[in-house]
Protein chains: 2
Amino acid sequence: MTTTPSLTETDEPTARQQAVLEAVLSLMVEEGDQLTMTAVARRASCSKETLYKWFGDRDGLLAATVRWQAARVRAGRYDRPTLDIATLRDSLKGFAETWLTVISSPTSIALNRLAIGHAASRKSNLGGIVLANGRFAIGERLRPVLEAGREAGLLAFEDSETAFRSFFGLVGRDVQIRLLLGDSLTFAPGEIARDAARATDQFLTLYGRPTTDRRA
Amino acid sequence: MTTTPSLTETDEPTARQQAVLEAVLSLMVEEGDQLTMTAVARRASCSKETLYKWFGDRDGLLAATVRWQAARVRAGRYDRPTLDIATLRDSLKGFAETWLTVISSPTSIALNRLAIGHAASRKSNLGGIVLANGRFAIGERLRPVLEAGREAGLLAFEDSETAFRSFFGLVGRDVQIRLLLGDSLTFAPGEIARDAARATDQFLTLYGRPTTDRRA
DNA sequence: GCCGAACCGTAACGTACGGTACGGTCTTTT
DNA sequence: AAAAGACCGTACCGTACGTTACGGTTCGGC
């Protein structure tokens, strides 16, 4: 008889369950491939029976891991839209730094690899979860910043989504795909900050308005 | 006793072998996950014994597939460095269109998913092959164009690699990662051409030298 | 102190799949 | 025409792993 998992999609995992998810993450990062239920149970010092009771099946465990990690990443807050160019630049640069740091972290790489491998088969929607909490979440959080910049006459664009996607490209460039494909791309100390600054300046060159501006 | 594969890494597959590789590709695109040796043999109407004789093992078959597909993609040629801004712009736009077309094709998506999944385990180097024939190959082919543009005083940059990476980001933006993660992102007719033109113009804004030229 | 629930560790089951072996057929060589 | 080899189809083997089952231990409630 199959029992329904005790951890539903909405509610928060208990401390013990979080320890299990932590074990999944660490195994994913270290071993990459060997993400077997037996390995998880051993790493987390729990029984496989408990895993199935809590998470239903293997996909449920992976989905819970992805959801949980995604929730953790959504820590930073950038809620005060700014009104002057220096603060706007700082906000954008902060976003860029955060994003580069995230996508180059071993956890993100392992998680995205897992989700991409899962997107090949059409089972549970790990790719959708990763996208919703990564690419789309950052887009939603950056949009008010961009639109506040436009309101203040600092930026010029028609569609904030289009503008954001250009910023996204200038920041990430080829970093994520290279890392996912196993390229040994590392950031020297301070390099993330410099790349973020360069991308921000380039974005402002493309979408910024000269401060002594005549409003059309 | 294990026999060495008859198809080495360097030589070209025979017509029959290409038919097998075609079967691998079609299975990859259609079924995604069910890329078993039995399925390949059935699809290609050949015996598993022949597969192992030709390709050694499963990884050998996948590597041969990736190499073969990569060789096919390297069709386009852009060998005439240009001297005027219109031709330079056309070259860049052509690159951008080609690249967007490639990364949004089902074959490329399936192939990159496979290589990324393989990069998780540390076995054969599919990720390296894909990178060498994708991202790095296009970089090498675009470099002479960029440097010719600099020689002609049309572009300004210190490092052609850095300039190329910005172009790469402006062109690809979030397209590839979204597709790999299963997002249903499609291009409307003409959209690739428009995106390529936009990215090219943005790149020229960032790296072009202020001549008397400016696009309407 | 006793009961049951929760949980751990491990053994067991079923299946999917990579890899091998073998009989039969067709083609090429001599 | 006989022999050799390439190849197809299928059966077979071994193993890895998801999933289930079970005995033993801990712990909160009565």
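So that the names make sense, note that chain A is the first sequence line, chain B the second, and so on, each numbered from 1.
At whole-Å resolution of the value, CZ in B:Arg43 and P in D:dC8 are 16 Å apart. With rounding to whole Å, B:Met37 atom CE is found 17 Å from D:dA11 atom C1'. Rounded to whole angstrom, the span from the OH atom of B:Tyr52 across to the P atom of C:dA21 amounts to 12 Å. Counting to the nearest Å, the P atom of D:dC17 and the CZ atom of A:Arg42 are 10 Å from each other. For B:Leu51 and D:dG9, the CG to C1' distance is 12 Å, given to the nearest whole Å. Whole-Å rounding puts the A:Glu31 CD to D:dA16 P distance at 15 Å. For the pair A:Arg58 CZ and D:dT20 P, the interatomic distance rounds to 15 Å; values are reported in whole Å.
Comment: B:Lys93 engages B:Glu97 in a salt bridge, judged by a side-chain N to carboxylate O separation of less than 4.0 angstrom.
With 3.5 Å as the limit, one finds a donor-acceptor pair spanning the side chains of A:Thr50 and A:Ser47.
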Practice task
Determine, stepwise, if the pair B:Asn112 / B:Ile109 fulfils side-chain contact (heavy atoms from CB on, under 4.5 Å).
Solution key: CA-CA 5 Å; B:Asn112 275 275; B:Ile109 295 172; over 6 Å; no
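Between A:Gln34 and D:dC17 there is a side-chain N or O to OP1 or OP2 distance below 4.0 Å.
B:Arg143 forms no cation-pi arrangement with B:Phe164, by the criterion of a distance under 6.0 Å to the ring centre and an angle within 45° of the ring axis.
Note: B:Tyr207 and B:Phe157 have perpendicular aromatic rings, judged against thresholds of 30 and 60 degrees for the angle between ring planes.
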Heteroatom pairs (N/O) under 3.5 angstrom, protein to nucleotides 5-10 of chain C:
unit_1	atom_1	unit_2	atom_2	d
C:dC8	OP1	A:Arg16	NE	3.4
C:dC8	OP1	A:Arg16	NH2	2.8
C:dC8	OP2	A:Ser47	N	3.4
C:dC8	OP2	A:Thr50	OG1	2.9
C:dC8	N4	A:Glu49	OE1	3.0

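Applying the side-chain hydrogen bond (donor to acceptor under 3.5 Å, both in side chains) criterion to B:Arg173, with sequence neighbours excluded, gives B:Asp195.
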